Structure formats: structure tokens, C-alpha cells
Amino acid sequence: MSVQQYDKIGEAFEGFKSLPLIRYGEVPSFLGMVGNVSGKSVLDLACGTGFYSREFKRRGATDVLGVDISVGMIDAAREIGQRDLLGVRYEVGDVAELQPLDRHFDVATGVQCLNYAEDIAAMERMCRNIHRNLVPGGEFFLLAQKPDYRFDCPSLDKYGFRCEPTGEETETGPQVRVTALLDPEPITIVASAPRREVYEECLRAAGFSDVEWVPLQVSDAGIREFGADFWTDVIANPPLEMLRSRA
């Protein structure tokens, strides 16, 4: 689960967003949960190559800071930023060691973020660092592997992914190997899938309230593109779930 697995990916990581599960499930669901960011400041943690950072800026956020532990991811984000001229700021940083930033943000987001905590203490520390960089009443939105995902369900290959347990356990939950079936070369990432109560207890211990799980949904565009039957397996057993909370 080291940072090196991301440093080697770079801008190829952008390809994840073209896969059916992400394009028609994750992206519209996550943006829908975050809602209107016009006039707000957004702290995008584990920002990767800045996909959501840029999208928040396009949607009217006044200030967006993307933070990622991977130098390779931030280099790619800055390179894309030089082309799109949206004015998103990017910094290399570890959420577990995140210091008070230059401002308090209205919104914080984390797509596949807390599941990289090495243990429960590290996850709680991450949550505390996020909380102290939010304004009072600010919101934190998270997307991660569904805590109780059933690995014996039908394959996710047609949705662009393969998801399988490694057989190892961490303190927060089972370790998972996720492969994005990109062309010409698949990309595999290993992370943990923390238990539901671990997320909830760490967030509350850090001072967050109104902790609420939000299910992933398939967009109308996805139904039109592939038909309703195509999505039956992922709707019955979604591999991703979202979480919202308030500082």
C-alpha cells in the first residue's frame, strides 16, 4: 500500500474515469453528494491527478487545493493544470501528517483516501487533520470501497474493474487488490477496505457529526448508454460506497 504504486502511474490514472463504473457510477454519484460548491472553498484530499479538483473549480468553487502524497500524481495534476488554466492549486502532502493550511475550507473531499491509513490510530489522525482545516459546520465527503462488499458476487470485469481480496488483514479491515482494466495495460492498486465502524468511530473521535452512508447510483446517462440490464450486478452488490459528515 506504499505511495510508490501511485508514483509509477502518473497521468495514466486519468484513464480510470473513462471506465463504466467510474464514469456512470462514481463520478455522478460523488458530485451529486457533494452538491453545489459555487462560491465555496474546497480541499480535495488524495486528489490524484486532480480530476475532481478541476471539476469543483469548473462548478464555481472559489478556491480549490488538491493534496496528494504521491509526487507523481501531483506532477501530473500540475501538468494538466498548465493546459486547463483553471487555477487549481496542488501540494504534495500526507493526510496523516497534514498541518494547518493557509485557510479553513468550506468543503473537504477524499476519494479513496482514509482506506490508506496503516492502522486505526493513523485513520483517526487523518480525520483530525481534516477536521481542523474545515470551517465550523464544513462538510467532509468520502468515497471508498464498500466496507461489506461481497467478493463472491459476479465479476466486475464488464464495468472495467476486477476486485479481489489479497487474503491479508490490516487493523482497519481486509486488504483488497483492485485492477482497472485499462487498454493497453491494466493498472493494479492495493489498499485496505476498512470496516464500517472504523470509519464511523474515527470520524466521530475527530469531532465530525451527522455521519451518514450514501449509496452509489448509476446515472441516467449510464442507463441510456448500456441499458438497465447491464447494471444489474453492480446495483445488487456495489463495490463502492460514500460517506458524508459535518465538522
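Source: prediction; values computed, not measured.
- Under the 4.5 Å side-chain criterion, counting only non-hydrogen atoms from C-beta, Phe161 is not in contact with Pro239.
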Open item on the list: Does Glu55 form a salt bridge (Lys or Arg N to Asp or Glu O under 4.0 Å) with Arg59? I'd like the steps, not just the answer.
Closed with: CA-CA 6 Å; Glu55 191 59 34; Arg59 291 172 177 240; 2.9 Å; yes
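- With a 4.5 Å cut-off on side-chain heavy atoms, Pro100 and Arg132 count as touching.
- Residues meeting the side-chain hydrogen bond (donor to acceptor under 3.5 Å, both in side chains) test with Asp220, sequence neighbours left out: none.
- Using a 4.0 Å cut-off between a side-chain N of Lys or Arg and a carboxylate O of Asp or Glu, Asp106 and Lys40 do not qualify as a salt bridge.
- Considering only heavy atoms from C-beta on, Ser38 stays 4.5 Å or farther from Thr62 through its side chain.
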TODO: Walk me through it: do Gln145 and Val178 pass the test side chain to side chain contact (heavy atoms under 4.5 Å, CB included)?
DONE: CA-CA 10 Å; Gln145 176 83 37; Val178 177; 4.0 Å; yes
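- In this structure, Ile235 is a member of the same hydrophobic cluster as Tyr159, with clusters built from ILVMFWY side-chain heavy atoms closer than 4.5 Å.
- Put simply, the side chain of Asp68 never gets that close to the backbone of Val92: no donor and acceptor are under 3.5 Å apart.
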TODO: List the steps, then state whether salt bridge (Lys or Arg N to Asp or Glu O under 4.0 Å) holds for Asp148 with Arg196.
DONE: CA-CA 8 Å; Asp148 43 14; Arg196 200 173 294 273; 2.9 Å; yes
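- No donor-acceptor pair under 3.5 Å is formed between the side chain of Arg246 and the backbone N or O of Glu139.
- Other members of the cluster containing Val198 are Leu43, Leu45, Leu65, Val67, Val95, Leu98, Leu101, Phe105, Leu114, Ile120, Met123, Met126, Ile130, Leu134, Phe140, Leu142, Tyr199, Leu203, Phe208, Val211, Trp213, Leu243, with ILVMFWY side chains joined at under 4.5 Å, either directly or via other members.
- For the atom pair Leu156 CG and Arg162 CZ, the distance stands at 10.0 Å (nearest 0.5 Å).
- Checking side-chain atoms of Asn237 against main-chain N and O of Asp233 turns up no donor-acceptor pair under 3.5 Å.
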TODO: Could you please spell out the steps behind the side chain to side chain contact (heavy atoms under 4.5 Å, CB included) verdict for Val111 and Phe51?
DONE: CA-CA 11 Å; Val111 173; Phe51 175 88; over 6 Å; no
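- A heavy-atom distance below 4.5 Å is found between the side chains of Val218 and Ile223.
- Although no hydrogens or angles enter the test, the distance criterion places no donor-acceptor pair under 3.5 Å between the side chain of Thr49 and the main chain of Ala77.
- Ring geometry for Phe151 versus Tyr149: interplanar angle over 60°, hence perpendicular rather than tilted (30 to 60°).
- For the pair Glu241 and Pro147, the minimum side-chain heavy-atom distance is below 4.5 Å.
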Open item on the list: Using side chain to side chain contact (heavy atoms under 4.5 Å, CB included), reason through Arg78 and Gln82 one step at a time and then give a plain yes or no.
Closed with: CA-CA 6 Å; Arg78 287 172 173 162; Gln82 290 175 352; 5.5 Å; no
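- Proximity of the aromatic rings of Phe30 and Tyr52 is defined here by a centroid distance below 6.0 angstrom, and this criterion is met.
- Of the possible donor and acceptor atoms, none in the side chain of Thr179 sits under 3.5 Å from a partner among the backbone N and O of Thr188.
- Side chain of Lys57 to backbone of Val64: no donor-acceptor contact under 3.5 angstrom is found.
- Judged by distance alone, the side chain of Arg54 and the main-chain N or O of Gly50 form a donor-acceptor pair under 3.5 Å.
- Formation of a donor-acceptor pair under 3.5 Å by the Arg125 side chain with backbone atoms of Ala96 is found in this model.
- Side-chain contact of Asp44 with Thr109: a donor-acceptor pair under 3.5 Å is present, judged by distance alone.
- The environment of Gln217 atom CD is sparse: at most 12 non-hydrogen atoms of other residues, nucleotides or ligands sit within 6.0 angstrom.
- Of the possible polar contacts, none joining the Arg58 side chain to the Leu86 backbone as a donor-acceptor pair under 3.5 Å is found.
- Looking at Asn115 and Ser192, their side chains never bring a donor and an acceptor atom within 3.5 Å of each other.
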TODO: Decide yes or no on side chain to side chain contact (heavy atoms under 4.5 Å, CB included) for Gln112 and Leu143, but give the supporting numbers first.
DONE: CA-CA 6 Å; Gln112 305 292 6; Leu143 183 140; 4.1 Å; yes
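- One finds no salt bridge joining Glu225 and Arg23 here, because no Lys/Arg side-chain nitrogen approaches an Asp/Glu carboxylate oxygen to under 4.0 Å.
- Hydrophobic clustering of Ile, Leu, Val, Met, Phe, Trp and Tyr side chains at less than 4.5 Å, counting indirect connections, keeps Leu181 apart from Leu19.
- Remark: Asp63 engages Arg103 in a salt bridge, criterion side-chain N to carboxylate O under 4.0 Å.
- Note that CZ of Arg177 and CD of Glu164 are 5.0 Å apart. Values are rounded to the nearest 0.5 Å.
- Side-chain contact between Leu240 and Lys146 is absent, with no heavy-atom pair separated by less than 4.5 Å.
- No side-chain donor-acceptor contact under 3.5 Å links Ser29 to the backbone of Glu26.
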